[in-house]
Protein chains: 2
Amino acid sequence: MEPKRDLLKGSSGYLLLSLLEQQAMYGYQIVKELEVRSQGYFRFKEGTLYPALHRLEKSGLINGTWEVLPNGRQRRYYHITARGQAKLAEEKTQWLDFFTAVKLILQPESKGI
Amino acid sequence: MEPKRDLLKGSSGYLLLSLLEQQAMYGYQIVKELEVRSQGYFRFKEGTLYPALHRLEKSGLINGTWEVLPNGRQRRYYHITARGQAKLAEEKTQWLDFFTAVKLILQPESKGI
DNA sequence: TTGACATACATAGAATGTCTAAGTAAATAC
DNA sequence: GTATTTACTTAGACATTCTATGTATGTCAA
């Protein structure tokens with residue numbers, strides 16, 4: 001199974017918001033969680049994930065808080081914001097619209113439905 | 001309805017091959033056909049369509065032939081090649097894999113299915 | 001205690017594809 | 001004769017992902 005990387009473009013934000021709506025997570029955890037849940041399909045690179053998280057935070061859709069583990073190690077947990085939840089709902093609609101449009105191209109006979 | 005343009009990236013080739021598999025078309029016709037079929041969702045810009053067609057042709061997935069209308073006007077009709085049909089089948093699989101993976105992220109409860 | 005590996009975050013630069021925008025040219029409609 | 005539509009092309013801006021590297025610490029086995 002050769003993942004089609006370009007499909008990710010424009011979807012990463014959606015996936016991240018979706019994940020963080022379910023629970024707050026830190027970067028490394030997100031990478032692992034995406035991989036486990038997608039059964040190995042998604043393997044976000046750091047160069048993809050962290051810039052994406054920074055973008056989302058800068059846009060006010062998530063916010064990160066440093067937390068210190070008992071062993072002294074630091075993690076940055078990201079929480080979805082109210083604006084993020086609104087954005088997530090918007091993205092969901094856009095996804096559905098997009099899929100609907102693609103299906104209409106692939107199966108022109110369903111035009112009238 | 002605000003189309004999410006980035007989703008198009010990585011999908012335009014699939015859409016074009018899919019369209020040209022159904023029948024040979026020329027550029028301007030493709031723009032109109034995509035718009036009609038998708039009920040106005042897709043409105044390919046020239047700067048998107050023609051470079052995409054050139055890429056596909058360069059890769060041997062489609063091939064274009066100039067045809068002259070009775071009125072003297074020229075059109076470049078694009079036909080899908082055997083390699084293009086093979087590629088189309090591959091893209092379809094990649095799409096399904098991608099959708100499956102995304103659904104697993106959005107609905108983790110369906111993990112076991 | 002050394003080395004290997006996993007954890008955890010960050011960023012520079014290359015690659016890719018879409019968009020805006022402009023250009024060329026001819027047919028058609030008003 | 002002027003505007004609109006048809007028809008294709010390409011340069012440059014922009015955004016996102018990738019590769020690759022850097023930093024630093026914790027854990028575990030030899």
Side-chain angles (χ1 to χ4, degrees), chain A residues 2-17 24-36 41-59 61-78 91 94 98 101, chain B residues 2-17 24-36 41-59 61-62 64-78 91 94 98 101-102:
Chain A
E2 182 77 10
K4 191 149 171 54
R5 295 298 171 198
D6 279 335
L7 286 176
L8 187 59
K9 193 155 186 174
S11 307
S12 64
Y14 183 35
L15 288 175
L16 294 177
L17 287 178
M25 291 188 191
Y26 56 97
Y28 192 80
Q29 182 185 12
I30 291 172
V31 172
K32 297 300 169 190
E33 190 70 18
L34 284 173
E35 183 167 354
V36 170
Y41 185 89
F42 288 120
R43 294 169 191 249
F44 271 50
K45 316 300 182 203
E46 296 97 321
T48 302
L49 178 69
Y50 290 109
L53 287 173
H54 298 334
R55 277 196 301 277
L56 291 174
E57 187 169 26
K58 203 174 170 188
S59 305
L61 306 178
I62 63 178
N63 77 311
T65 55
W66 284 106
E67 296 192 17
V68 184
L69 299 185
N71 63 23
R73 169 163 295 195
Q74 290 210 331
R75 283 174 180 166
R76 191 157 176 78
Y77 277 87
Y78 288 98
E91 297 251 23
Q94 291 178 334
F98 180 73
Chain B
E2 183 76 11
K4 193 151 172 52
R5 294 297 172 200
D6 280 334
L7 286 176
L8 187 59
K9 193 156 185 173
S11 307
S12 64
Y14 183 34
L15 288 175
L16 294 176
L17 286 177
M25 294 188 190
Y26 56 97
Y28 193 82
Q29 182 186 11
I30 290 174
V31 173
K32 296 299 170 193
E33 190 71 17
L34 284 173
E35 183 166 354
V36 169
Y41 186 88
F42 288 120
R43 295 168 190 247
F44 271 50
K45 317 297 181 203
E46 296 98 321
T48 301
L49 179 70
Y50 290 108
L53 287 173
H54 298 334
R55 276 197 303 278
L56 291 174
E57 186 169 27
K58 203 175 171 188
S59 306
L61 305 178
I62 62 177
T65 53
W66 284 107
E67 295 191 20
V68 183
L69 300 184
N71 62 21
R73 168 164 297 197
Q74 289 211 332
R75 284 174 179 167
R76 191 155 176 78
Y77 276 87
Y78 287 98
E91 298 249 24
Q94 291 179 334
F98 180 73
V102 170

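Chain identifiers are assigned alphabetically (A, B, ...) following the order of the sequence lines, protein sequences preceding nucleic acid strands; residue numbering begins at 1 within each chain.
With rounding to whole Å, R75(A) atom CZ is found 14 Å from dA10(C) atom P. In this structure, the CD atom of E35(A) is 13 Å from the C1' atom of dA6(C), given to the nearest Å. Residue I30(A) contributes atom CD1, which lies 12 Å from atom P of dA8(C) at whole-angstrom precision. Between the NZ atom of K32(A) and the P atom of dA8(C) there is a distance of 10 Å, given to the nearest Å.
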Summary of protein contacts for nucleotides 14-23 of chain C, nucleotide by nucleotide, where a base hit scores B, a sugar-phosphate-only hit scores S (4.0 Å, heavy atoms):
--BBSBBB--
For a side chain to side chain contact (heavy atoms under 4.5 Å, CB included) check, start with the C-alpha distance between I30(B) and F44(B), then their side-chain angles and the critical distance, and finish with the verdict.
CA-CA 9 Å; I30(B) 290 174; F44(B) 271 50; 5.8 Å; no
Begin from the C-alpha positions of F42(B) and E35(B) and carry the test side chain to side chain contact (heavy atoms under 4.5 Å, CB included) through to its verdict.
CA-CA 5 Å; F42(B) 288 120; E35(B) 183 166 354; 5.9 Å; no
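Regarding contacts with the backbone of dA10(C), every side-chain N or O of Y50(A) stays at 4.0 angstrom or more from both OP1 and OP2. At the phosphate of dA8(C), OP1 or OP2 sits under 4.0 Å from a side-chain N or O atom of Y26(A).
The side chain to side chain donor-acceptor pair (under 3.5 Å) test applied to Y50(A) returns no partner, not counting sequence neighbours. Scanning for ring-ring contact (aromatic ring centres under 6.0 Å, His included) contacts around Y77(B) gives Y26(B), with sequence neighbours left out. Annotation: side chain to side chain donor-acceptor pair (under 3.5 Å) contacts of S59(A) (sequence neighbours excluded): none.
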Distance-only donor-acceptor hits, side chain of residues 7-17 of chain A, under 3.5 Å, sequence neighbours excluded:
from	atom 1	to	atom 2	distance (Å)
S11(A)	OG	L7(A)	O	3.1

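Chain A approaches DNA chain D within less than 4.0 angstrom (heavy atoms of the protein), and the contacting nucleotides run 5' to 3' from dA15(D) to dG26(D).
One distance of note links CD of Q94(A) with CG of D6(B); it measures 10.0 Å at 0.5 Å rounding. Rounding to the nearest 0.5 Å gives a distance of 8.0 Å between NE2 of H54(B) and CZ of R76(B).
Interface remark: the R73(B) side chain does form a donor-acceptor pair with the dA26(C) base, using a distance-only criterion of under 3.5 Å.
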